[in-house]
Amino acid sequence: MSENPPSQAYALYHPAVQQWIYQQGWERLRDVQEHAAGLIRAGQRDVIIASATASGKTEAALLPICSVLAVRQKQGLGAGVAALLVSPLKALINDQYGRIADLAGPLGLQVHRWHGDAPASGKARVLRAPQGLLLITPESLEALFVRHGDRARRVFGSLRHVIVDELHSFIGTERGAQLQALLHRVEEAAGRRVPRVALSATLGDFGGAAEFLRPGGGTEAAVVCSTEPGGEIRLQVRGYVDPARPPEPGRERADRAAIADHLFRTLRETDNLVFANSRAAVEVYADMLTQRATQAGVRARFLAHHGSLSKEVREHVEERLKDPAAPITAICTSTLELGIDVGSVDSVAQIGAPPTVSGLRQRLGRSGRRPGQPAVLRVYVAEPELNAGIAPADALRPELFQTVAMVELLTAAWYEPPDDTGLHLSALIQQILSICAQHGGARASRLFATLCDTGPFRRVDRAVFAQLLRDMGQHRLLEQQPGGELLPGREGERLLGHYSFYASFHTSLNYRLVADGYTLGSLPVDRPILPGTMLIFSGARWRVLSVDTAQRVIELTAAEAGRPPVFPGTGGEIADEVRRAMFRLYRSTEIPHYLDATARTLLAEGRAAFHAYGHATRRVFAQEAGTLLFPWRGDRIMNTLAAVLGMRGLVVGQDGLAITIRDCTPARLLPVIRSLATGPAPDPVAIAAAVRAKQHDKYDRYLSENLLNLGYAARALDVPGAWACLSDLADCDTVG
DNA sequence: GACCTGCTGCGGCATG
């Protein structure tokens with residue numbers, strides 16, 4: 001460390017921590033480590049540490065924390081866990097466990113890991129003699145409260161630090177609401193406020209993230225954001241055309257074949273990640289690339305990696321990525337997006353428009369992690385062949401424009417802002433049951449105080465909370481004692497008694513796919529598969545030998561042909577800013593330098609269609625079967641517009657960029673839009689009441705219609721945004 | 001026209 005200016009942070013570290021840094025061979029501290037040390041050591045404020053993957057975030061938090069704890073250790077710590085690290089993935093905990101033990105061990109600090117696959121002996125030790133650092137998942141923390149609620153005070157009574165890893169992965173989700181409640185309950189058990197440190201690579205808005213980290217106290221958090229220059233980024237968007245004529249049976253689609261050919265030529269000698277947007281697409285490309293490798297007689301390997309593959313198959317791929325001896329390319333879904341350590345890959349590819357800008361940033365960050373090595377990203381976009389019969393929406397080349405809009409936003413360092421408008425009533429039901437189990441019953445006033453008044457469910461008022469308790473009573477989740485105390489009811493006990501209670505999210509029953517006694521992965525039970533079916537799975541071709549419905553096992557044998565299975569799933573949400581950026585891109589004449597020749601052609605075609613149809617000045621278009629409405633706004637506004645038009649008796653559908661109105665002319669639609677725009681915006685809950693199929697999260701099935709409407713309105717609608725949009729629409733269009 | 005995440009206690013058996 002002698003070549004660099006003297007480090008202030010270094011001097012704050014405990015001598016044994018300094019020794020550890022020396023042993024690591026570090027030449028200097030990273031800027032986030034430099035800036036976080038004093039803040040964390042002071043132990044007053046919450047701290048958000050934001051910097052790229054592999055830039056020393058975890059150490060920025062742990063070096064000062066271990067320094068503080070080492071001193072306290074010498075003074076003789078009381079019983080109790082001193083630092084709690086909550087992480088979204090078991091694999092991340094396993095990765096960090098060894099490294100942290102290596103640092104903390106010489107300081108006399110114990111390190112424990114607690115998750116579903118961690119040895120039970122370690123968990124027993126934490127309960128018996130809690131101390132040191134505890135690495136845990138939210139679900140295991142939930143289990144600790146439910147099963148060992150009487151020990152919570154003992155375990156967390158002398159807690160000094162809380163760390164949340166990969167904060168962005170929690171924001172706006174049921175799991176995030178669960179985490180907030182758990183951290184609040186940890187502080188209740190500790191009997192005091194415990195400063196929180198959050199780590200993340202992609203945060204769009206630090207204020208929102210800080211407010212998520214401590215509801216009601218976000219303004220007091222300190223933000224430590226890396227200003228170290230990022231490495232060079234090499235980026236290309238490649239365009240492809242999907243021919244109108246479908247391929248002969250058994251032949252590859254021409255656009256997919258061309259993409260696979262290019263991937264094979266470019267990637268066969270190196271380590272790469274190829275992100276596809278669905279598990280089915282992962283299987284298709286893994287198979288196509290394997291076929292090409294076999295035909296060429298090369299030993300290049302192309303392996304599939306997604307959430308339905310077994311742990312063994314996935315770990316094999318992860319090991320192969322880390323192994324420098326033989327290069328491989330993993331075709332994957334978002335499974336390889338978070339921080340699981342697969343080292344640095346040579347390049348990243350994305351097939352199809354990325355789902356979100358922050359996801360694209362995370363994916364890009366998987367390459368270019370070695371000094372002097374650029375981050376390489378290729379995005380492959382296919383659009384249908386342009387001919388007379390093309391649908392107006394396809395002529396706009398929306399996939400390409402969404403891709404380019406997202407790349408432009410990425411370059412401007414814009415990410416989807418933390419959105420936490422949801423009520424998370426499903427997570428609230430879970431927390432109410434969990435607290436009742438922890439304390440052997442609770443009064444309604446105490447539950448409201450802990451969870452809503454001073455806790456994370458601040459958008460839930462007394463009336464909604466009372467309704468929720470009534471709904472829970474109706475379904476026997478709760479029952480009330482004569483003295484007013486609430487206890488888990490029959491159904492509540494049933495939920496609490498099974499281990500599936502701890503997760504805040506759904507899981508469905510699965511068939512196990514077995515080939516030669518080896519479990520390849522699983523498929524959901526609600527998609528029955530018959531013996532004899534040809535299947536592509538784990539990047540290889542299979543025939544189904546047998547289906548055992550009792551044991552839920554599907555047996556496979558190798559085959560010559562196959563098709564990917566149908567996986568379940570529902571669509572994602574496109575942010576308002578992305579749609580606005582797309583609209584700007586259509587009106588612009590600039591041609592981004594990172595487009596290849598075909599992508600430029602597609603860009604030109606999309607802009608030509610945009611102007612030919614008159615999109616620059618109009619939003620409403622007549623069609624044979626009805627009317628198309630192009631608001632150029634995010635999905636929440638689209639949802640809201642579709643719902644209010646439906647309430648006026650129109651037959652409405654949503655189709656990508658457009659809202660379709662069947663059997664209706666623009667002349668009939670425009671007065672409806674004008675009347676909506678000039679009238680008062682209705683209550684969001686009234687709009688939600690017009691929407692069907694609103695059950696979304698794990699415990700939503702216990703909610704009455706009114707609460708489902710409230711939850712849906714908060715999660716999926718934007719009424720002020722929709723009314724601003726209606727005014728634009730009313731001003732913009734004369735009858736056309 | 002989507003993706004991902006996670007979980008216990010106990011019985012039975014082998015081993016030291």
Side-chain angles (χ1 to χ4, degrees), chain A residues 86-94 113-124 127 136-148 165-179 182 275-283 304-309 311 314 331-340 350-356 358-360 362-363 382 393-394 398-399 402 416 427 430 434 437 495-508 510 521-522 524 564 566-574 635 638 653-658 696-698:
Chain A
V86 187
S87 171
L89 298 179
K90 292 184 288 192
L92 281 178
I93 290 178
N94 291 342
R113 59 178 165 158
W114 186 324
H115 58 65
D117 300 335
S121 56
K123 303 173 189 174
L127 293 170
I136 198 166
T137 59
E139 289 73 20
S140 285
L141 193 49
E142 189 78 69
L144 196 159
F145 276 120
V146 171
R147 303 266 157 195
H148 312 284
D165 201 5
E166 306 277 8
L167 183 78
H168 60 275
S169 73
F170 291 108
I171 298 178
T173 67
E174 291 301 296
R175 203 180 186 203
Q178 178 189 27
L179 173 70
L182 289 168
F275 288 94
N277 286 343
S278 69
R279 284 170 283 182
V282 163
E283 293 291 355
H305 191 288
H306 58 70
S308 292
L309 291 169
K311 196 175 159 216
R314 287 158 67 172
I331 327 296
C332 56
T333 57
S334 54
T335 40
L336 288 177
E337 189 176 291
L338 273 188
I340 299 171
Q350 162 72 40
I351 303 176
T356 58
S358 54
L360 184 63
Q362 293 273 359
R363 293 172 182 196
D394 288 339
E399 180 108 355
Q402 187 183 318
E416 284 77 10
Q430 184 191 29
S434 177
L495 293 179
L496 282 160
H498 194 263
Y499 57 71
S500 59
F501 174 77
Y502 310 120
S504 59
F505 47 85
H506 278 300
T507 36
S508 58
N510 283 322
S522 58
V566 177
F567 295 96
T570 52
E573 184 184 316
I574 302 292
D635 278 342
M638 301 274 278
Q654 281 173 259
D655 185 16
L657 293 172
H696 184 260
D697 296 305
K698 190 174 178 189

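Proteins come first, then strands; the chains are lettered A, B, ... in the order of their sequence lines, and each starts at number 1.
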OP1 or OP2 of [N] sitting under 4.0 Å from any side-chain N/O of [X]?
| X | N | value |
| --- | --- | --- |
| Thr333(A) | dC4(B) | yes |
| Ser278(A) | dG1(B) | no |
| Arg279(A) | dA2(B) | no |
| Arg314(A) | dT5(B) | yes |
| Lys123(A) | dG9(B) | no |

5'-most contact on DNA chain B: Gly656(A) or Asp117(A), nearest heavy atom basis? Gly656(A)

Report the residue (Thr137(A) or Ile574(A)) whose heavy-atom-nearest nucleotide on DNA chain B is the more 5′ of the two. Ile574(A)

Of the nucleotides dT5(B), dG9(B), dC7(B), which has the atom closest to the Leu89(A) side chain? dT5(B)

Which one, dT8(B), dC4(B), dG6(B), comes nearest to the side chain of His306(A)? dC4(B)

Look only at the side chain of [X] and the backbone of [Y], and say whether a donor-acceptor pair between them is shorter than 3.5 Å.
| X | Y | result |
| --- | --- | --- |
| Asn277(A) | Ala353(A) | yes |
| Glu142(A) | Leu144(A) | no |
| Ser140(A) | Thr137(A) | no |

NA contact type, [X], heavy-atom cut-off 4.0 Å: base, sugar-phosphate, or nothing?
| X | value |
| --- | --- |
| Ser169(A) | nothing |
| His498(A) | nothing |
| Phe505(A) | base |

Specify the closest pair of heavy atoms between Ile136(A) and Ile93(A), including all atoms of both residues, with the distance to one decimal. C-CD1, 3.6 Å

Atom [atom1] of [X] and atom [atom2] of [N]: how far apart are they, to the nearest Å?
| X | N | atom1 | atom2 | answer |
| --- | --- | --- | --- | --- |
| Gln178(A) | dC7(B) | CD | P | 11 Å |
| Lys90(A) | dT5(B) | NZ | C1' | 9 Å |
| Leu182(A) | dG6(B) | CG | C1' | 13 Å |
| His696(A) | dA2(B) | NE2 | C1' | 12 Å |
| Phe501(A) | dT8(B) | CZ | P | 13 Å |
| Glu337(A) | dC3(B) | CD | C1' | 8 Å |
| Arg113(A) | dG6(B) | CZ | P | 14 Å |
| Leu496(A) | dT8(B) | CG | P | 14 Å |

I need the Leu182(A) CG to Glu139(A) CD distance, nearest 0.5 Å. 9.0 Å

